[in-house]
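Throughout, protein chains are lettered first and strands after them, A, B, ... in sequence-line order, and every chain is numbered starting at 1. If you're wondering where the values come from, they're calculated on a predicted model, not measured in any experiment.
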Protein chains: 2
Amino acid sequence: MSDVSSVFSARLKIARLRKGITQMQLGVLAQIDEYSASARINQYERGKHLPDFNTAERLAAVLEVPAAYFYTRDDALAALLLAWSALTPEGRARLLVLAETLGETPGDKAAEG
Amino acid sequence: MSDVSSVFSARLKIARLRKGITQMQLGVLAQIDEYSASARINQYERGKHLPDFNTAERLAAVLEVPAAYFYTRDDALAALLLAWSALTPEGRARLLVLAETLGETPGDKAAEG
DNA sequence: CTTAATACTAAGGATTCTTTAGTTCATGGT
DNA sequence: ACCATGAACTAAAGAATCCTTAGTATTAAG
């Protein structure tokens, strides 16, 4: 994971397996031509190639993760992105407020709670 | 912003201007050769080309945003990523717990607070 | 052992990016 | 107004990367 394109490949594989579909199924659902879907998804998961951003967004939509998840090296941030994608619009709004609140007066115990 | 590579370009420009540096300065700080730094950053900001992920990560480091920020179409999620990058490790840990808590029992008022 | 499904790969044509060598735009000085 | 400077921007060709094709492993079931 410390190397280059393995961030994308590792996240993609985790998300696909979580969804329980094959490489080919993922590719076809993401509107890749059926004759190249398998090869392309495999190349992405093996870190041989990276897709363009349009394709990444379609893969993300199929796998129900934010596209940004594929570009996140930090595991904690990746977990946050997965949590985000599971939230309702209301939950997202609340989380955003919380995030910005946590950032203010970072060490001021008196202002907390 | 609805179009293809304008997600990356718009986020990059916003982050650079927030930092108050020129296109050339950004490129040089991100270890791009000084003779091509200006042209490349301009091409990224105009949506003419996209950098590889290594370059994107160096740009993100200079601009103090998560690399994932450049790949986020949703403005609310982009704001969350900026807030995340401003948090301490402790703040990040707390936010992640909150995000996962918000996801459980989404509509159960009795279990809240 | 055969078959079928899935995963995986090499290689070349197709596409995209980087470099180079500039031009354009904006601002300030004289 | 004119010029100089810094910053933004661009075209084009060489360099790099990806997509398609065709096919080979691998695995599991019968």
- Item | ring pair (Phe, Tyr, Trp, His ring centres under 6.0 Å) partners of B:Tyr71, counting only residues at least two apart | A:Phe53, A:Tyr71, B:Phe8
- Non-neighbouring partners of A:Asp52 that pass side chain to side chain donor-acceptor pair (under 3.5 Å), sequence neighbours left out: A:Thr55
- Nucleotide C:dT15, atom C1' - distance to CG of A:Leu50 in whole Å: 15 Å
- Item | Within 45° cone of B:Tyr69 ring axis and under 6.0 Å: B:Arg11 NZ or CZ | yes
- Task: Identify, with sequence neighbours excluded, every residue that meets salt bridge (charged side-chain N to carboxylate O under 4.0 Å, His left out) alongside B:Arg16.
- Result: B:Glu45
- Whole angstrom is fine here: how far is it from OH in A:Tyr44 over to P in C:dA7? 16 Å
- Message: Test of understanding: with side chain to side chain contact (heavy atoms under 4.5 Å, CB included), list the residues that count as partners of B:Ala86, not counting sequence neighbours.
- Response: none
- Would you tell me if any nitrogen or oxygen in the side chain of A:Tyr35 comes within less than 4.0 Å of OP1 or OP2 on D:dC19? no
- Task: For the residue pair A:Leu59 and A:Ile41, establish whether any side-chain heavy-atom pair is separated by less than 4.5 Å.
- Result: yes
- Query: Taking only residues two or more places apart in sequence, or in another chain, which ones meet A:Lys13 in a salt bridge (charged side-chain N to carboxylate O under 4.0 Å, His left out)?
  - Reply: none
- Between A:Asp33 (CG) and C:dA14 (P), how many Å, whole number? 16 Å
- Send over the distance from A:Leu26 CG to C:dT6 P, rounded to a whole Å. 13 Å
- d(NE2, B:His49; C1', D:dA15) in whole Å: 12 Å
- Query: For B:Glu64, what residues pass the salt bridge (charged side-chain N to carboxylate O under 4.0 Å, His left out) criterion, not counting sequence neighbours?
  - Reply: B:Lys19
- In whole Å, what is the span from the CD1 atom of A:Ile41 to the C1' atom of D:dT20? 14 Å
- Task: Determine, for nucleotides 4-11 of chain D in 5'-to-3' order, which nucleotides have protein heavy atoms under 4.0 Å from the base (write B), from only the sugar-phosphate (write S), or from neither (write -).
- Result: ---SSBBB
- Message: What is the distance, to the nearest angstrom, from the CD atom on B:Glu34 to the C1' atom on C:dT19?
- Response: 14 Å
- The side chain to side chain contact (heavy atoms under 4.5 Å, CB included) partners of A:Ala76 (sequence neighbours excluded) come to A:Asp74, B:Trp84, B:Leu96
- Please report, rounded to the nearest Å, how far the P atom of C:dT20 is from the CD1 atom of B:Ile32. 13 Å
- Query: If we fit an axis to the first five pairs and another to the last five of the helix from C:dC1-D:dG30 to C:dT30-D:dA1, what angle do they make, to the nearest 10°?
  - Reply: 30°
